[in-house]
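One-based numbering, in listed order, for ligands and for the atoms of each. Atom set for the values below is all heavy atoms of this structure, side chains included, hydrogens, waters and symmetry mates excluded. On a predicted model such as this, the values are computed, not experimentally measured, just so you know. Throughout, numbering of the chain's residues begins at 1 and tracks the sequence.
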Amino acid sequence: MSKLVVISNRTADPDESRSGGLAVALWSTLKQSGGMWIGWDGRVCSHDNPNMTCRRAEGVDFFTTELTGQEYKNFYIGYANSVLWPVFHNRTDLAEHDPEFKLFYERTIRRVASSCFMRISAGDVVWVHDYQMITCGAELRKKGIKNSIGFFLHIPFPPPELIRCIPDHAWLITSLLSYDLVGFQTEKDFQNFQKYILNHTDAELIGEKTFFFKGRKIRAGVFPIGIDTGEILQALESERSRELNERFRRERTGELIVGVDRLDYSKGLPQRIHSIREFFARCPDKKKAVSLLQIAAPSREKVTAYEKLSEEMDYLSGKINGDLGDMHWSPVSYVHRNVERDDLPVIYRNSRVGLVTPLCDGMNLVAKEYVASQDPDNPGVLILSEFAGAAHQLADALLVNPFDAGATARAIEKALNMPLEERKSRHTSLMRSILDHDVHWWCGEFLNSLKEQEIWMVA
Ligand code: ADP
């Protein structure tokens, strides 16, 4: 019987009772079709012979591997997060082009593809995820895999001028033409991809989002990822949430603006602190009545750019509190750690404003989680960067240019003064889009397109 094989940098942890929305959706899809999930287990081994572990949970086979120290340094920290991540997020200045990075990227993906190859049977549908795994499809094809293989890019696809900064960019991007279906978050990402493919490869456009290359047809598509709204509503109803909600009511005074992000330079965190400073300069009467709760999860701390950002945020949050705060009030509460995932919906619901201002972002799920967590009878207001993929779907948020501290400050003022009726009507429209395009819809759309492509090729 054919099965779904998911290949991603990290797998969900079968022992974690509550994983993220994406993991939950993929897992439930895998369970339905009888599937397999292949990826890194998050561990780094001290020798050159990484352990591969195989286990079965709820009908899904998990094949995980450790990374060697060299793979971790050069593939994960190096090529994936010091070349691909910055370039794809418009930060070519932060990219480090060390030839060792590419060498280990190729080797690591080849090793992963070899272990996948042994486990893929005829008729299986293979779904590869995200920037860390771009060349996996090409490696599988080299081994003779004829199965239907799809790829989804969770991050933005930048304009060709940026891609061209990557040494050997043609090798990297042409490898995407080994897939049957390549999925993007937004139409803009697809347009950038098409521009690159038509200008820098020999592929031809033979139909709507369809290319022909080396005897094969490749389709591309736009599949904006969604969230699991059911998971949020369930979390809001738990006993733990009720207690946390009660604490918020008892202990918090004034209005809360919330930001929840990984500590990443793409998220625009320093710019957010500047816009809060600008807001208090504009609305001094709001001092003591409003504060920003910024939760920033530690991320990729071994990459120099992240270390520097962490220092910058320590400085900026300390400085704004020192400059504007007093004994009874701080303009910014900066929490530099992960919080319990189940606590986020209550935190969002107790915040009058959700401030989601990335400088560049594939989708941004926090924006959708914030909206889904609101009380429909008294909802908060989402302020959203026009450079987040989510802005294409959530036009009823207050859209801002995150580089413009004055504009963001004015949006904060508008959000805090917004009448209930307007808040409700914006929330209803945002919620409709989030419910219509949730993570289950996303999984279904992508896999149906991939399966259609399979039939279409045989015909
Ligand atoms: P990215 O994938 O770039 O980190 P997204 O906003 O798309 O950005 O997804 C981030 C996910 O991680 C969301 O589901 C969010 O709830 C979760 N998250 C972000 N920051 C934290 C944090 N400090 N603690 C716990 N979960 C977090």
Side-chain angles (χ1 to χ4, degrees), residues 8-10 12-13 16 18-26 80-81 84-86 88-91 129-132 152-156 184-186 189 223-232 234-236 240-241 244 258-269 272 292-301 303 305-306 309-310 313 317 333-349 351 354-373 382-385 387-394 397 402 434 437-439 442:
S8 61
N9 179 53
R10 291 289 299 269
D13 182 346
E16 280 260 308
R18 297 189 67 79
S19 316
L22 170 63
V24 169
L26 285 174
N81 288 312
L84 299 179
W85 181 273
F88 280 53
H89 286 87
N90 212 355
R91 291 299 303 268
H129 286 263
D130 223 2
Y131 66 103
Q132 303 94 342
F152 186 79
L153 184 69
H154 291 255
I155 66 174
F184 299 97
Q185 299 276 27
T186 69
D189 297 318
F223 307 91
I225 193 169
I227 57 165
D228 186 344
T229 47
E231 178 202 20
I232 289 184
Q234 206 181 324
L236 278 169
R240 185 187 166 93
S241 290
L244 183 61
V258 75
V260 175
D261 310 76
R262 270 182 316 102
L263 189 59
D264 192 293
Y265 47 79
S266 65
K267 303 292 180 185
L269 297 172
R272 205 174 293 173
L292 169 71
L293 168 61
Q294 177 60 57
I295 299 172
S299 179
R300 304 170 195 166
E301 290 171 303
V303 180
Y306 289 73
L309 174 67
S310 179
M313 282 301 290
S317 54
S333 302
Y334 176 53
V335 179
H336 182 198
R337 76 183 80 92
N338 264 299
V339 300
E340 250 333 295
R341 192 173 162 73
D342 278 358
D343 290 346
L344 286 175
V346 174
I347 297 172
Y348 294 135
R349 191 178 263 230
S351 303
L355 196 50
V356 183
T357 52
L359 310 179
C360 183
D361 211 331
M363 176 52 60
N364 198 293
L365 297 176
V366 167
K368 295 184 174 184
E369 292 168 0
Y370 175 79
V371 173
S373 303
L382 175 65
I383 297 179
L384 178 61
S385 162
F387 304 122
H392 294 255
Q393 295 173 295
L394 305 181
I434 288 170
H437 302 101
D438 70 358
V439 75
W442 171 78

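- Considering only non-hydrogen atoms, atom 27 (C) of ligand 1 lies nearest to Leu344 out of Leu263, Leu344, Ile347, Asp343.
- Ring geometry for His336 versus Tyr334: interplanar angle under 30°, hence parallel rather than tilted (30 to 60°).
- Between Ile295 and ligand 1, no N or O atom pair is found at a separation short of 3.5 Å.
- Proximity to Val260 (heavy-atom distance under 4.0 Å) selects the following atoms of ligand 1: 19 (C), 20 (N), 21 (C).
- At least one donor-acceptor pair closer than 3.5 Å links the side chain of Arg272 to the backbone N or O of Lys267.
- Within the structure, the closest approach of His154 to ligand 1 does not fall below 4.0 Å when heavy atoms are considered.
- Residue Glu369 approaches ligand 1 through these ligand atoms, each under 4.0 Å from one of its heavy atoms: 13 (C), 14 (O), 15 (C), 16 (O).
- Counting only distance, with no hydrogens or angles, the side chain of Gln393 and the backbone of Ile434 share no donor-acceptor pair below 3.5 Å.
- Ligand 1 is approached by Lys267 to a heavy-atom distance shorter than 4.0 Å.
- Residue Arg341 touches ligand 1 through its side chain alone, judged by heavy-atom distances below 4.0 Å.
- Side-chain contact, Asp261 with Gln294: a donor N or O sits under 3.5 Å from an acceptor N or O.
- Note: Trp442 and Phe152 have perpendicular aromatic rings, judged against thresholds of 30 and 60 degrees for the angle between ring planes.
- Between Val339 and ligand 1, at least one N/O pair is under 3.5 Å apart.
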